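Notes to accompany the following structure.
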Amino acid sequence: MDLLRKIDANLTLKQTEQRCEVEQNAGFELESIKFGTIIEGGTVLQVNKAEFVSKPIGRLKNLKFEEVGTQDPAALKKKRTEDEGWKFICDTQIYVLNDVRRVMVFGKKQAEA
């Protein structure tokens, strides 16, 4: 890991995805993200901890965060990677609007049309 960003737990799934995409613009690629806490001024705060690796060339510029919910995880992963050409990044749990949700994260080198 070359960069760690703490992302607010109260964001929507799309806002968290977009925040990670912005971080990648500086030459990094998302490696993983997971929920956690930090202590600031004696207060425990919920955050998502996003880990990035340095990748100035060839990084996955477009991200897709998808809540697993009641979907079959294996089928979801297969659909996104084999059928749609996304690269699987991680299967994780993150805060979405301060609630822990299971999310799969995928990436592509180019933006979606």
Side-chain angles (χ1 to χ4, degrees):
M1 173 192 56
D2 298 310
L3 177 70
L4 173 68
R5 288 287 187 241
K6 297 171 193 84
I7 300 173
D8 295 337
N10 64 347
L11 299 179
T12 65
L13 190 61
K14 188 68 180 173
Q15 288 171 321
T16 302
E17 174 186 301
Q18 290 169 338
R19 177 82 188 277
C20 289
E21 283 181 343
V22 167
E23 293 295 341
Q24 293 192 140
N25 290 339
F28 294 93
E29 183 172 279
L30 183 66
E31 188 175 54
S32 71
I33 184 169
K34 60 185 177 265
F35 74 96
T37 57
I38 58 170
I39 297 174
E40 231 173 61
T43 304
V44 177
L45 302 173
Q46 296 177 325
V47 295
N48 288 312
K49 296 178 180 180
E51 297 180 351
F52 298 85
V53 291
S54 179
K55 193 164 184 184
I57 299 170
R59 70 186 170 279
L60 303 170
K61 293 180 179 160
N62 191 40
L63 297 174
K64 178 186 281 289
F65 282 44
E66 187 155 354
E67 190 172 337
V68 175
T70 58
Q71 301 177 79
D72 173 34
L76 173 60
K77 184 176 177 181
K78 181 181 184 296
K79 177 183 176 194
R80 294 288 176 248
T81 57
E82 294 178 22
D83 301 345
E84 298 176 10
W86 290 88
K87 180 181 177 233
F88 176 74
I89 297 174
C90 63
D91 181 347
T92 188
Q93 290 184 313
I94 66 170
Y95 287 117
V96 178
L97 298 172
N98 295 310
D99 188 33
V100 176
R101 304 284 175 92
R102 182 176 178 188
V103 173
M104 283 193 177
V105 180
F106 303 91
K108 273 190 178 176
K109 288 191 177 184
Q110 74 285 352
E112 286 291 279

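Note that the structure is a prediction, hence the values are computed from the model and not measured.
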(request) Considering only Ile, Leu, Val, Met, Phe, Trp and Tyr, and joining two whenever side-chain heavy atoms are under 4.5 Å apart, list the other residues clustered with M1. (result) L4
(request) Could you tell me the separation between the CG atom of N62 and the NZ atom of K109, rounded to the nearest 0.5 Å? (result) 13.5 Å
(message) Are I89 and L3 linked, directly or through intermediate hydrophobic residues, by side-chain heavy-atom contacts shorter than 4.5 Å (ILVMFWY only)?
(response) yes
(request) Please confirm whether the backbone N or O of V100 pairs with a side-chain atom of Q93, one donor and one acceptor, at under 3.5 Å? (result) no
(message) Using only atom types and a distance under 3.5 Å, with no angle test, would you say the side chain of K108 pairs donor to acceptor with the backbone of K64?
(response) no
(message) Can you pull out every salt bridge (charged side-chain N to carboxylate O under 4.0 Å, His left out) where at least one residue sits in residues 90-100? Sequence neighbours excluded, please.
(response) D91-R102, D99-R101
(request) Could you pull out all residues at least two apart from Y95 that satisfy ring-ring contact (aromatic ring centres under 6.0 Å, His included)? (result) F35
(request) Quick one: pull up CE in M104 and CD in Q71 and give me the separation to the nearest 0.5 Å. (result) 8.5 Å
(request) Could you point out which residue of N10, L11, L97, V105 forms a side chain to side chain contact (heavy atoms under 4.5 Å, CB included) with T16? (result) L11
(request) Side-chain contact test, heavy atoms from C-beta onward, threshold under 4.5 Å: evaluate it for N48 versus R19 and give yes or no. (result) no
(message) Other members of the hydrophobic cluster containing L45, with the 4.5 Å side-chain heavy-atom rule, please.
(response) I38, V47
(message) Show the nearest heavy-atom pair for residues D2 and S54, with the distance to one decimal.
(response) OD2-N, 2.6 Å
(request) Looking only at non-hydrogen atoms, find the nearest pair between P73 and V68 and report the distance. (result) CG-CG1, 4.0 Å
(request) Would you give the length of the straight line joining atom CD of E66 to atom CD of E17, rounded to the nearest 0.5 angstrom? (result) 10.0 Å
(request) Give a yes or no on whether F65 and F52 share a hydrophobic cluster (residues Ile, Leu, Val, Met, Phe, Trp, Tyr; joining criterion: side-chain heavy atoms under 4.5 Å apart). (result) yes
(request) Verify the neighbour count for atom NZ of K77: are there more than 12 heavy atoms of other residues, nucleotides or ligands below 6.0 Å? (result) no
(message) With clusters defined by side-chain heavy atoms of hydrophobic residues (ILVMFWY) lying less than 4.5 Å apart, directly or transitively, does L13 cluster with L63?
(response) yes
(request) State, to 0.1 Å, how close T12 and V96 come at their nearest heavy-atom pair, and which atoms those are. (result) C-CG1, 4.2 Å
(request) Identify, with sequence neighbours excluded, every residue that meets side-chain contact (heavy atoms from CB on, under 4.5 Å) alongside D72. (result) A74, A75
(request) With the side chain counted from C-beta on, respond yes when E21 and K61 share a heavy-atom pair under 4.5 Å apart, and no when they do not. (result) no
Show me the side-chain donor-acceptor pairs of residues 26-33 shorter than 3.5 Å, one per line, residues at least two apart or across chains.
residue, atom, partner, partner atom, Å
E29, OE1, L60, N, 2.6
S32, OG, E51, OE1, 3.2

